[in-house]
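These notes are about the structure you will find just below.
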Protein chains: 2
Amino acid sequence: MLSERQMMILRAVVRDFTNTGVPVGSKALAKQLPIHVSSATIRNEMAALEEQGLIKKTHSSSGRIPSVEGYRYYVDHLVKPDPLQPNDIDVIQTSLGGDFHKIDEIISQSATILSNLTSYTAFTLKPELKDSRLSGFRLVPLGKRQVMAILVTDSGDVENQTFDVSEAVSGDQLEAVVRLINDQLVGLTLPDVLQKLQTDIPLKIANYLQSPTGFLDIFGDVLTRAAQERFYVGGRLNLLNFSQDSDVDSLKSLYSLIDKTDDIANVLGSPSDNISVQIGNEMTNDALRNFSLITATYDVNQHGRGMIAILGPTRMPYSRMLGIVGAFREELAKKLLDYYRNYDE
Amino acid sequence: MLSERQMMILRAVVRDFTNTGVPVGSKALAKQLPIHVSSATIRNEMAALEEQGLIKKTHSSSGRIPSVEGYRYYVDHLVKPDPLQPNDIDVIQTSLGGDFHKIDEIISQSATILSNLTSYTAFTLKPELKDSRLSGFRLVPLGKRQVMAILVTDSGDVENQTFDVSEAVSGDQLEAVVRLINDQLVGLTLPDVLQKLQTDIPLKIANYLQSPTGFLDIFGDVLTRAAQERFYVGGRLNLLNFSQDSDVDSLKSLYSLIDKTDDIANVLGSPSDNISVQIGNEMTNDALRNFSLITATYDVNQHGRGMIAILGPTRMPYSRMLGIVGAFREELAKKLLDYYRNYDE
DNA sequence: TCTTAGCACTTGGTTTGTTTGAGTGCTAAA
DNA sequence: TTTAGCACTCAAACAAACCAAGTGCTAAGA
């Protein structure tokens, strides 16, 4: 249990340290706090806070910095999101104001905006209807030997891939394959499709093609790509700003982490209603030890919900960041509703 | 004019320094060189080499390192490409041995292989027929409002993009647009298409669509993407290994450089017959001051010629790198010829 | 004329010691 | 419970000393 005064001190320690990056001492606090007590009193309180594991020293006679638990307490009980600065509002309005022709453009643009606002790295994930289903498959002959496979899901995702066919395949054959797939697989969830693809389909397709494996590989490829959620990343390079003393190895593992869709999906976790903050080693991944992650969902009514996130140093100004994330999720939801309204009617 | 002995010394200085990274002194050289002269003699020769600007000291009593001019002389006159190590041959064979369905897969895979072999950053550019022409355009309706635009060039490049159409556009209308474009534009070079797109076409297309600008924008987008050469990059993260003392800013500009297709095309220059080496500030771009670039073309007969390149620190073991690049260009050309042969017959 | 031994000199890097300033914990008095 | 005072700790900055590697130059030898 913390006293009012201890909370005040903890809040001040976190705020100071996140702003300046220097451990904060008792004298500085005494001068700065609204109550006027001596530095010795502050020292006693700080000792109490340290006792509880909320702050710690970098060496035996240094000022204090927040521990992970201290940050946790701070974001859970003490922080109040800053309202957006007028300037930031402007940035959002203009960057999101343009005319978009694809959901993905809005989402990817959002990652850029968020990283600009925060100067950290940002992730965005588009609103996802649960268990999207295969709603269409096409094979479009392009030239002498090139064919494009296109796959559409009922949530509006489109994946495609071109490939070369060695044998001269007739348009009729392609038609037949397409009809087969559409007959048998449309309406199923993607995992189901993937499963059938390894059982029923090869037999049936053999009626039309001598060597169906090529086709099926392609189809499988495109399918798995459609099945995994697609993240957009903004401000990748900002990670460089926080790599202490050029620890190349951890930087590398960090970058491979954020470029692997599966891994990053794992880190971000599943959408929850609130804005959530994960601090340093609260995340299982070792490469993130010195980082904090703020994630938030945004809600587009019947069109599902997506996520946004920013990744920055543990030592980040949480109040400002929470303000930005909170405001941005609303703007984004609004923009998307707009977009859908335009096209739905 | 350099004497035989001076060449021998220069070669040794470059080789030593690129291997160890430490300035090399007269005594070490005296011990190592096949001729036996005293270190004092070496010192005199080194003074002469320094006189000519081929080597230099890092401080007044240090050993020597090659200057840019020294490297230049070395690669122009002294270096002999190392033959490939058996291990490296293996890597190439197996990585390139698989079955590919697209040219692009081979080229992008090549970038990865090259960066693995060298542990530097590698670029590959696919064989390009000069002045490729538009050979086909499609609009494929995907769902209620989604349409995919596909563009094919006679060199086999495919670009595509999906977009949403707000008004309910009929299949007939789409057909008409496609027919129009195919009638009017197929066979022209891409720049010509782009030009016509801004003059003739808007008028004609207005017959079929109320607000054609949306379509034209999309088409223009896809077109310009097809028109610019497409690079593949492998081993991006390897650049981190050579960023001295974590100079974040130059790293950032380096990364933005290699991610901008236009810029990197500029740096690589146009294909020339030979393997070419650009050293440090011989490249105009400032971010590359401490890097060297080895570029080479590969030739796929009537299918055109492409480029490969590796970017590493100025202080790279040139003989080994030249060996790798030289061998790889051949392997790649062979593989591509194979690929084309399979599909052409 | 070229080579070489010898020597004085330069310099960066490492080690060691000193000082300074910010900060702490503790004690004793208010 | 608060506070002034004090002894103590530690990182950072600075300086002195030393070492190792290397250089340029000179003068003698081949």
Side-chain angles (χ1 to χ4, degrees), chain A residues 1-10 12-67 70 244-245 315, chain B residues 1-10 12-67 70 244-245 315:
Chain A
M1 252 324 53
L2 297 190
S3 69
E4 275 303 319
R5 192 164 66 183
Q6 288 170 337
M7 291 188 194
M8 172 186 292
I9 291 178
L10 177 57
V13 169
V14 174
R15 217 178 24 208
D16 261 36
F17 182 68
T18 52
N19 284 334
T20 68
V22 230
V24 6
S26 54
K27 218 188 278 183
L29 280 187
K31 212 171 295 172
Q32 174 201 121
L33 286 180
I35 56 178
H36 51 301
V37 292
S38 78
S39 65
T41 307
I42 306 277
R43 271 203 291 286
N44 290 332
E45 297 285 39
M46 286 172 103
L49 286 172
E50 184 164 15
E51 187 75 17
Q52 305 192 45
L54 297 174
I55 58 180
K56 62 187 179 186
K57 297 183 271 196
T58 61
H59 61 85
S60 80
S61 72
S62 78
R64 306 302 212 292
I65 66 174
S67 67
Q244 45 244 24
D245 60 77
R315 194 213 111 196
Chain B
M1 254 319 54
L2 298 191
S3 69
E4 275 302 320
R5 193 165 68 185
Q6 287 171 336
M7 291 188 192
M8 173 187 292
I9 291 178
L10 177 56
V13 168
V14 175
R15 218 178 23 209
D16 261 37
F17 181 67
T18 52
N19 284 333
T20 68
V22 211
V24 4
S26 55
K27 216 187 283 185
L29 280 186
K31 211 170 297 171
Q32 175 201 119
L33 286 181
I35 55 177
H36 53 299
V37 291
S38 77
S39 66
T41 306
I42 307 277
R43 274 204 289 285
N44 290 333
E45 297 287 38
M46 287 172 102
L49 287 171
E50 185 165 15
E51 187 74 15
Q52 305 191 45
L54 296 175
I55 58 180
K56 62 188 178 185
K57 295 184 271 194
T58 61
H59 62 85
S60 82
S61 73
S62 77
R64 306 302 212 293
I65 67 174
S67 68
Q244 47 244 25
D245 61 79
R315 193 216 110 194

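A note on names: the letters A, B, ... follow the listed sequences, proteins ahead of strands, and every chain is numbered from 1.
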(request) Answer yes or no: are there more than 12 heavy-atom neighbours, outside H59(A) itself, under 6.0 Å from its atom NE2? (result) yes

(message) With nearest nucleotide decided by heavy atoms, which residue, T58(B) or V37(B), maps closer to the 5′ end of DNA chain C?
(response) V37(B)

Quick test: give all pairs of protein nitrogen or oxygen and nucleotides 7-10 of chain C nitrogen or oxygen below 3.5 Å, distance rounded to 0.1 Å.
{"from": "dT10(C)", "atom 1": "O3'", "to": "S60(B)", "atom 2": "OG", "distance (Å)": "3.0"}
{"from": "dT10(C)", "atom 1": "O2", "to": "S61(B)", "atom 2": "OG", "distance (Å)": "2.5"}

(request) Would you indicate, yes or no, if dT2(D) has its OP1 or OP2 atom less than 4.0 angstrom from a side-chain nitrogen or oxygen of S38(A)? (result) no

(message) Tell me which residues in residues 12-29 of chain A lie within less than 4.0 Å of DNA chain D, going by non-hydrogen atoms.
(response) none

(message) Does dT9(D) have OP1 or OP2 under 4.0 Å away from a side-chain N or O of K57(A)?
(response) no

(message) When you measure from the side-chain N and O atoms of R5(A) to the phosphate of dT1(D), is any distance below 4.0 Å, counting only OP1 and OP2?
(response) no

(request) Return each pair, listed once, that meets salt bridge (Lys or Arg N to Asp or Glu O under 4.0 Å) where at least one residue sits in residues 12-34 of chain A; pairs must be two or more places apart or across chains. (result) none

Anything under 3.5 Å between a donor and an acceptor, one on a side chain of residues 47-56 of chain B, the other on a protein residue two or more places apart or in another chain? List them.
{"from": "E50(B)", "atom 1": "OE1", "to": "R64(B)", "atom 2": "NE", "distance (Å)": "3.0"}
{"from": "E50(B)", "atom 1": "OE1", "to": "R64(B)", "atom 2": "NH2", "distance (Å)": "2.8"}

(message) Whole angstroms only, please: what is the CE-C1' distance between M46(B) and dA21(D)?
(response) 12 Å

(message) Can you see if the side chain of R64(A) gets near the phosphate of dT24(C) - specifically, an N or O under 4.0 Å from OP1 or OP2?
(response) yes

(message) Nearest whole Å is fine: how far is dT1(D) P from E45(A) CD?
(response) 10 Å

(request) Can you tell me which residue pairs pass the salt bridge (Lys or Arg N to Asp or Glu O under 4.0 Å) test with a partner in residues 33-48 of chain A, sequence neighbours excluded? (result) R5(A)-E45(A)

(message) According to side chain to side chain donor-acceptor pair (under 3.5 Å), who are the partners of T18(B), at least two apart in sequence or on a separate chain?
(response) none

(request) Give the rounded distance in Å between these two atoms: CD of E50(A) and P of dG23(C). (result) 15 Å

(message) List the residues meeting side chain to side chain donor-acceptor pair (under 3.5 Å) with T20(B), not counting sequence neighbours, and say none if there are none.
(response) none

(request) Output all residues satisfying side chain to side chain donor-acceptor pair (under 3.5 Å) with S61(A), sequence neighbours left out; order by chain, then residue number. (result) none

